[in-house]
Amino acid sequence: MRNLRCYYSASIEQFLRQSKEEILGVIHENNVSADVSILQINTWEEEINVLKEQLAFLSEGRVLFEYTIPRMGKRVDAVVLYKNIVFLLEFKCGDTEYRASTYDQVYDYALDLRNFQKESHNKLLVPIMVSTRAEAAPIVVKEVNRIIEPIKCNADNIRTAIAMVTSRYVEPAFEYEGWEDSEYLPTPTIVEAAQALYRGHNVHDITRSDAGAENLTVTTEEINKIIEYSKTNSRKSICFVTGVPGAGKTLVGLNIAIERSDASAGEHAVFLSGNYPLVTVLQEALARDKVTQGKTNGVKITKSDALRETSAFIQIIHKYRDSFVGNDNKPPERVAIFDEAQRAWTNAQIANFMKTKKGVPDFDYSEPEFLISTMDRHDDWAVIICLVGGGQEINSGEAGLPEWFDSLRRSFPDWDVYVTPQLNDTEYRRDYEWDDMIDDLNVVENEKLHLATSVRSFRTPDLAALVKAILDVDIDAAKELCERIKDKYPVMITRDLAKAKEWVKAQCQGTTRYGLIASSGALRLKPEGIFVKNEISVANWFLNDKDDVRSSYMLEDVVTEFDIQGLELDYTLVAWDADFRFVNGEWTYNNFSGNKWQTMHNTEKILYLKNAYRVLLTRARQGMVIFIPKGSDADQTRTPEFYDGTYNYLKGIGLQELY
């Protein structure tokens with residue numbers, strides 16, 4: 001029976017007794033890949049030879065080859081379980097130097113196991129990078145949160161490193177085979193998830209299976225039932241999928257788009273988003289991954305070819321929309337997923353755009369109405385899936401949820417409308433009456449279409465609730481939630497930007513990603529060296545490595561709510577300006593114009609600013625630090641009173657101070 005967790009698993013005693021050929025035979029038997037390069041076979045042979053020599057002194061233990069890290073879609077070259085310690089070995093056969101990329105790679109393995117593998121939460125994990133032909137480096141044993149910082153070894157001193165660690169630590173006994181088969185509960189980033197889904201995994205494979213996150217699978221299955229019903233009964237249906245920030249709405253949408261992309265079955269699907277940064281990052285990430293996967297499999301794929309393919313799967317909604325203006329063409333897609341549907345444009349916004357940018361006068365549709373009309377061109381069935389975030393409209397001209405229902409009542413009353421009970425919340429319906437919104441529509445309420453638990457902040461499900469309480473000035477709830485999460489998910493506050501940068505860097509090992517974010521209206525952070533109006537490449541900021549000055553790791557370029565909505569980082573440094581300030585027990589809303597702050601009075605703009613901070617405060621998966629400047633008496637646009645109230649409010653709730 002094939003081993004699904006690794007290519008080879010045996011006691012060290014058995015490993016030493018078996019011949020190299022026997023071990024290779026087992027590895028080949030468990031490797032489902034049809035083609036294995038000669039280079040890979042030679043690598044396995046060298047690893048076996050090295051470990052036979054280096055493990056010969058061990059009296060007990062277990063050795064594994066090619067152990068799976070599911071979330072990352074990768075395998076650890078070798079795992080040695082000895083004296084109740086987990087040693088993770090990443091080999092670079094033939095290398096004469098110790099590369100920073102290998103250091104991060106093996107550190108990432110350890111971090112993923114600690115965070116997501118049940119039996120590794122309390123184990124001592126020891127990542128070892130093995131550059132077989134490198135000069136011997138000093139063996140340094142330094143522990144950080146139950147992980148030893150990666151040890152540098154060559155082919156001759158692995159035994160020395162193992163002996164040094166085991167001489168310093170006496171660990172509680174555990175069953176090695178139980179560890180090997182331990183439950184793995186991953187929480188991938190949206191980029192990692194998109195890459196895994198695109199490679200052929202499904203949403204169940206790459207997400208946690210605990211009760212808090214099984215909602216993803218339930219919602220996906222429910223949408224599939226609606227699609228099948230619509231197809232069988234020649235119905236046109238629209239589903240509104242709701243969820244708290246970070247609950248996985250985009251992940252569900254991507255999964256449906258891939259599952260339903262079989263053109264031969266008449267089910268071609270497309271994932272559409274008006275979020276240009278999200279589309280750009282996902283298209284680029286999928287293209288880079290496709291090139292990398294091709295290289296691994298010996299297939300040359302150019303970046304431009306890969307981008308063409310990924311751009312057909314994930315599209316910017318405006319380009320899709322414009323392709324149907326002025327014609328009666330039927331879309332090739334039967335299933336259209338609209339991400340962040342609450343951000344679709346009002347009639348006034350799109351009419352102005354069509355007139356000034358496209359030369360189309362008298363465009364008499366809102367964006368929701370026109371998008372529904374394109375799918376309504378099909379004679380029999382079609383399904384629209386709207387992924388809706390409550391309280392996440394952040395830009396002028398965004399229609400919000402009510403316009404979708406207005407459009408259905410005006411022009412498409414025969415469509416079946418699937419909703420969640422949560423839509424009857426002011427964050428979704430604004431000031432509209434729910435009964436008026438759904439009047440005369442074929443409405444079916446389905447609570448399975450709501451994603452109730454954040455899977456972004458895998459350390460706690462309560463972050464979204466805490467942020468909501470802070471923004472709603474629900475002080476008692478905020479204090480309770482702050483106390484509940486403080487030991488799982490750090491939220492720090494500071495007046496010192498340098499300290500904030502030091503803190504966020506200190507939390508992160510391997511390729512754990514962090515970055516600097518701020519409101520697009522935070523114009524008076526400029527004296528602090530934070531320029532929110534700088535133009536940057538969001539793909540480079542989100543995807544490039546830590547040695548690239550364009551990447552988020554440098555903490556030089558800042559992104560705003562427009563760049564980061566729908567995306568996430570592991571840790572964030574949130575810079576808070578005087579546009580959104582706490583004064584006399586309530587929030588005040590301000591816009592910087594010319595040389596001074598002006599109080600906002602427009603209800604819509606007030607909502608957008610509050611939502612901008614909601615987006616910023618819910619982007620971090622593992623923790624954040626909030627930087628609030630001290631201000632300056634010498635600068636009337638940055639007086640201390642503009643900032644002190646906000647700092648004291650957050651401090652009073654119980655956020656931890658960083659001095």
Side-chain angles (χ1 to χ4, degrees), residues 189-195 197-198 240-257 270-287 307 310-322 336-346 349-350 353 366-368 371 384-401 403-404 428 451 456 515 517-520 532 535-543 552 558-569 572 607-608 611-619:
T189 67
I190 188 60
V191 169
E192 290 169 333
Q195 289 171 335
L197 290 170
Y198 203 61
F240 292 92
V241 177
T242 57
V244 300
K249 297 181 292 293
T250 301
L251 179 56
V252 167
L254 288 169
N255 190 47
I256 292 291
V270 64
F271 181 90
L272 302 166
S273 177
N275 184 337
Y276 180 78
L278 174 69
V279 172
T280 301
V281 170
L282 290 181
Q283 287 177 347
E284 177 72 15
L286 293 181
L307 264 176
T310 60
S311 298
F313 163 60
I314 299 175
Q315 296 182 31
I316 190 74
I317 199 168
H318 309 317
K319 292 183 179 179
Y320 173 89
R321 175 201 67 204
D322 294 350
I337 299 101
F338 296 133
D339 192 34
E340 296 179 17
Q342 77 280 357
R343 298 187 63 188
W345 287 356
T346 61
Q349 181 80 358
I350 193 172
F353 175 84
S366 67
E367 192 167 45
L371 292 170
I384 293 173
I385 300 159
C386 292
L387 310 175
V388 186
Q392 294 189 51
E393 302 91 345
I394 57 174
N395 206 357
S396 60
E398 292 180 355
L401 181 72
E403 178 55 34
W404 286 92
Y428 292 102
L451 297 164
R456 174 181 295 134
I517 63 178
S519 156
S520 58
V532 296
E535 289 190 16
I536 65 166
S537 163
V538 290
N540 288 334
W541 194 89
F542 275 103
L543 301 175
S552 65
V558 59
V559 300
T560 71
E561 69 274 16
F562 298 120
D563 301 311
I564 202 168
Q565 187 174 36
L567 293 159
E568 69 252 314
L569 300 169
T572 57
L607 174 67
Y608 295 149
N611 288 344
Y613 274 84
R614 188 191 314 278
V615 168
L616 295 173
L617 294 170
T618 54
R619 292 308 99 187

Less than 4.5 Å apart, any side-chain heavy atom of Ser519 and any of Tyr613?
-> yes
With sequence neighbours excluded, tell me which residues meet side chain to side chain contact (heavy atoms under 4.5 Å, CB included) with Thr280.
-> Tyr276, Val538, Ala539
Taking atom types as modelled and ignoring hydrogens, do the side chains of Glu561 and Ser520 form a donor-acceptor contact shorter than 3.5 angstrom?
-> yes
Glu192 side chain vs Thr189 backbone, donor-acceptor pair below 3.5 Å = yes
Output, in order, the C-alpha distance, side-chain angles, deciding distance and verdict of side chain to side chain contact (heavy atoms under 4.5 Å, CB included) for Trp541 and Val281.
-> CA-CA 9 Å; Trp541 194 89; Val281 170; over 6 Å; no
Can you find a pair of side-chain heavy atoms, one from Asp339 and one from Asn275, that are under 4.5 Å apart?
-> no
Do side-chain atoms of Gln342 reach the backbone of Gly389 as a donor and acceptor pair under 3.5 angstrom?
-> yes
Could you list the residues that satisfy side chain to side chain donor-acceptor pair (under 3.5 Å) with Gln315, not counting sequence neighbours?
-> none
Within a strict 4.5 Å, meaning less than it, do heavy atoms of the Phe271 and Thr250 side chains meet?
-> yes
Would a 4.5 Å heavy-atom cut-off, applied to side chains only, mark Leu254 and Ile190 as touching?
-> yes
Within a strict 4.5 Å, meaning less than it, do heavy atoms of the Arg321 and Trp345 side chains meet?
-> yes
For the pair Asp563 (side chain) and Thr560 (backbone), establish whether a donor and an acceptor sit closer than 3.5 Å, ignoring hydrogens and angles.
-> yes
Do Ile564 and Phe542 have side-chain heavy atoms sitting under 4.5 Å apart?
-> yes
Is a side-chain donor or acceptor of Gln195 paired with a backbone partner of Ala285 at a separation under 3.5 angstrom?
-> yes
Nearest-0.5 Å distance, OG of residue Ser273 to CD1 of residue Ile337 | 11.5 Å
